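Just dropping this structure here.
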Amino acid sequence: MAKHNCAICGAEVGLMSGHKLADGNFICRKVCGAKALKIFDKIPATLSDVTAHLAQVEKGTRIWNELLLPLKKSSNKEEKLKVMGIGDTLLYASPSTGLVALVETRRKFLVFGKSEHACVYRIADLLQCEYEEESKTNSEGKVEKTEFCVMTFKDTVGLYTFRLRVSGQKSYESIAKYFDTLFGIQRTLGNSINNAKRQLDAIKAAAGAIKGAVNGTLDAEQAAQAVNTIDAYVMGDRAPWIEKADAALAPYNN
């Protein structure tokens, strides 16, 4: 078996101690590979994907420890974190900072203690929140179902989409409703007035853009306004969450 060197730290790696990436590069499993979150899929990843994710984890873990973890036990209701998911990888939402943290807990063997590693995202960048289930047959021949909330964040370098384990579809629906509420997206019949108004605004904007495109009077400003109006209907109002998150992240963007 030919020996290779880790493309990140330079250590020599073999069949068992190295991981081959999609672009042909190798990384060591014990040091560099272990810095990634366990849910990060290395099989389709390139070296640039891995290095971007490792930087994301390094920064995210710092933000988690310094900014968000202290809020976990806060007695202030407005600062308290909302926890979602099951298992050793959980999602914490922080409305007071406009951030969410995907936190992986690693427990040490034979000794007491644990470590936490995190990726941090802006709440405003949540693009997709969908339900997914996976069925597998165990060694006893029984079918076991695992359920997930699949989340995707836009404008994110590194791990931008992941599957968060949930206890069932109702748990997923609770998560989806939580973020819909933050964004002012109300899907219930009793709260349909706000939706109807946003829908009407979106229709007017789209109609105006189409008319302008047909008669040749559509300019860049009108097109951008139409896109923003339609986005506001589909995605909800994200402006306050962008402002909060950018203020919270400012000290970590140097």
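In this text, all values refer to a predicted model and were calculated from it rather than measured experimentally. Each residue takes its place number in the sequence, starting with 1.
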Residues Arg106 and Glu104 bridged, charged N to O under 4.0 Å
yes
Using every non-hydrogen atom in the two residues, find where Pro95 and Trp241 come nearest and quote the distance to one decimal.
O-CZ3, 3.2 Å
Mind checking whether Val83 and Ile123 sit in one hydrophobic cluster, side chains of I, L, V, M, F, W, Y counted as touching below 4.5 Å?
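Unlinked, Val83 and Ile123 end up in two clusters.
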Shortest non-hydrogen contact from Cys6 toward Cys9:
SG-N, 3.5 Å
Could you tell me the separation between the OG1 atom of Thr146 and the CD atom of Glu133, rounded to the nearest 0.5 Å?
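It comes to 9.5 Å.
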Could you measure the distance from the OG atom of Ser17 to the CZ atom of Arg29? Nearest 0.5 Å is fine.
8.0 Å
The criterion is side-chain hydrogen bond (donor to acceptor under 3.5 Å, both in side chains); which residues satisfy it with Thr161, sequence neighbours excluded?
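side-chain hydrogen bond (donor to acceptor under 3.5 Å, both in side chains) list for Thr161, sorted by chain: Thr152.
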Below 4.5 Å, heavy atoms only, C-beta onward: do Ser135 and Lys145 meet side chain to side chain?
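Contact flag for Ser135/Lys145 side chains = yes.
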Looking at SG of Cys149 and CZ of Arg165, how far apart are the two atoms once the value is rounded to the nearest 0.5 Å?
13.5 Å
State which residue, out of Tyr160, Phe162, Phe179, Tyr92, fulfils the ring pair (Phe, Tyr, Trp, His ring centres under 6.0 Å) condition with Tyr121.
Phe162
Separation between CG (Leu102) and CG (Leu90), nearest 0.5 Å, reads 8.5 Å
At their closest point, which heavy atom of Ala7 faces which heavy atom of Asn25, and how far apart are they?
CB-OD1, 3.9 Å
Any side-chain heavy-atom pair from Lys154 and Leu126 closer than 4.5 angstrom?
no
Would Phe153 and Val150 show up in the same hydrophobic cluster when neighbours are defined by side-chain heavy atoms closer than 4.5 Å?
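Phe153 and Val150: separate clusters.
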So, does Ser174 use its side chain to make a donor-acceptor pair with the main chain of Lys170 at under 3.5 Å?
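Looks like no, no N/O pair under 3.5 Å.
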Assign the ring pair His53 / Phe40 to parallel, tilted or perpendicular, where the plane angle (0 to 90°) is split at 30° and 60°.
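His53 and Phe40: parallel rings.
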Taking side chain as C-beta onward, heavy atoms only, is Ile8 less than 4.5 Å from Thr51?
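They are in contact (side-chain heavy atoms under 4.5 Å apart), so the answer is yes.
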If every non-hydrogen atom of Leu81 is compared with every non-hydrogen atom of Ser94, which pair is closest and at what distance?
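In terms of heavy atoms, the two residues are closest at CD2-CB, 3.5 Å.
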State plainly whether the residues Lys42 and Asp49 are in salt-bridge range, i.e. N to O under 4.0 Å.
no
side-chain contact (heavy atoms from CB on, under 4.5 Å) for Leu69 and Glu116? Distances and angles first, verdict last.
CA-CA 10 Å; Leu69 184 57; Glu116 293 180 325; 4.3 Å; yes
For the residue pair Glu12 / Asn5, report whether a side-chain donor-acceptor contact shorter than 3.5 Å exists.
no
Can you pull out every salt bridge (charged side-chain N to carboxylate O under 4.0 Å, His left out) where at least one residue sits in residues 63-76? Sequence neighbours excluded, please.
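Of all non-adjacent pairs touching residues 63-76, those that pass salt bridge (charged side-chain N to carboxylate O under 4.0 Å, His left out) are Arg62-Glu66.
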Got a salt bridge between Lys136 and Glu134, using NZ or NE/NH1/NH2 to carboxylate O under 4.0 Å?
yes
Could you see if Leu91 belongs to whatever hydrophobic cluster contains Leu68? Use Ile, Leu, Val, Met, Phe, Trp, Tyr and a side-chain cutoff under 4.5 Å.
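No, because Leu91 and Leu68 fall into different hydrophobic clusters, even though each may have its own neighbours under 4.5 Å.
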Give a yes/no verdict on a cation-pi contact between Arg238 and Phe183, requiring under 6.0 Å between NZ or CZ and the six-membered ring centre and an angle within 45° of the axis.
yes
List the atom of Leu99, the atom of Ala248, and the distance in Å for their closest heavy-atom pair.
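Smallest interatomic distance, heavy atoms only, reads CD1-CB, 4.1 Å.
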Any non-hydrogen side-chain atom of Phe26 less than 4.5 Å from a side-chain atom of Leu21?
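Answer no - side chains too far apart.
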Return yes if a side-chain donor-acceptor contact under 3.5 Å exists between Tyr172 and Glu147, otherwise no.
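On atom types as modelled, these side chains do not qualify, holding no pair under 3.5 Å.
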Using only atom types and a distance under 3.5 Å, with no angle test, would you say the side chain of Asn65 pairs donor to acceptor with the backbone of Leu67?
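Not at all, since once roles are kept as given, no pair shorter than 3.5 Å links the two residues.
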Pairwise side-chain contact, Val103 with His117, heavy-atom cut-off 4.5 Å (strictly under)
no
Would a hydrophobic clustering, with Ile, Leu, Val, Met, Phe, Trp and Tyr connected at side-chain separations under 4.5 Å, put Met151 with Val57?
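Yes; Val57 is reachable from Met151 via cluster members.
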Which is it for His19 and Val50 under the side-chain contact (heavy atoms from CB on, under 4.5 Å) test, yes or no, and what are the steps along the way?
CA-CA 11 Å; His19 183 96; Val50 173; over 6 Å; no
I need the Leu37 CG to Cys119 SG distance, nearest 0.5 Å.
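Rounded to the nearest 0.5 Å, the CG-SG separation comes out at 4.5 Å.
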Can Phe148 be reached from Tyr131 by stepping across I, L, V, M, F, W or Y side chains whose heavy atoms are under 4.5 Å apart?
no
Measuring only between side-chain heavy atoms, which start at C-beta, is Ile86 closer than 4.5 Å to Val166?
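When only atoms from C-beta onward are counted, Val166 and Ile86 do not touch, as no gap falls below 4.5 Å.
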Ion pair Asp88/Arg107, N-O distance below 4.0 Å:
yes
Is a salt bridge present between Arg163 and Glu132, judged by a nitrogen-to-oxygen distance below 4.0 Å?
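Result for this pair is yes, salt bridge flagged.
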Straight-line distance of Lys77 NZ to Lys80 NZ, nearest 0.5 Å:
11.5 Å
Would you say the side chain of Thr97 lies within less than 4.5 Å of the side chain of Leu71, judging by non-hydrogen atoms?
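Heavy-atom side-chain distance check passes, below 4.5 Å.
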Can you confirm whether Met84 sits close enough to Tyr178 that some side-chain heavy atom of one is under 4.5 Å from a side-chain heavy atom of the other?
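They are in contact (side-chain heavy atoms under 4.5 Å apart), so the answer is yes.
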Closest non-hydrogen atom pair, Thr156 against Leu159:
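Nearest pair, atom of Thr156 first, then Leu159: CG2-O, 3.9 Å.
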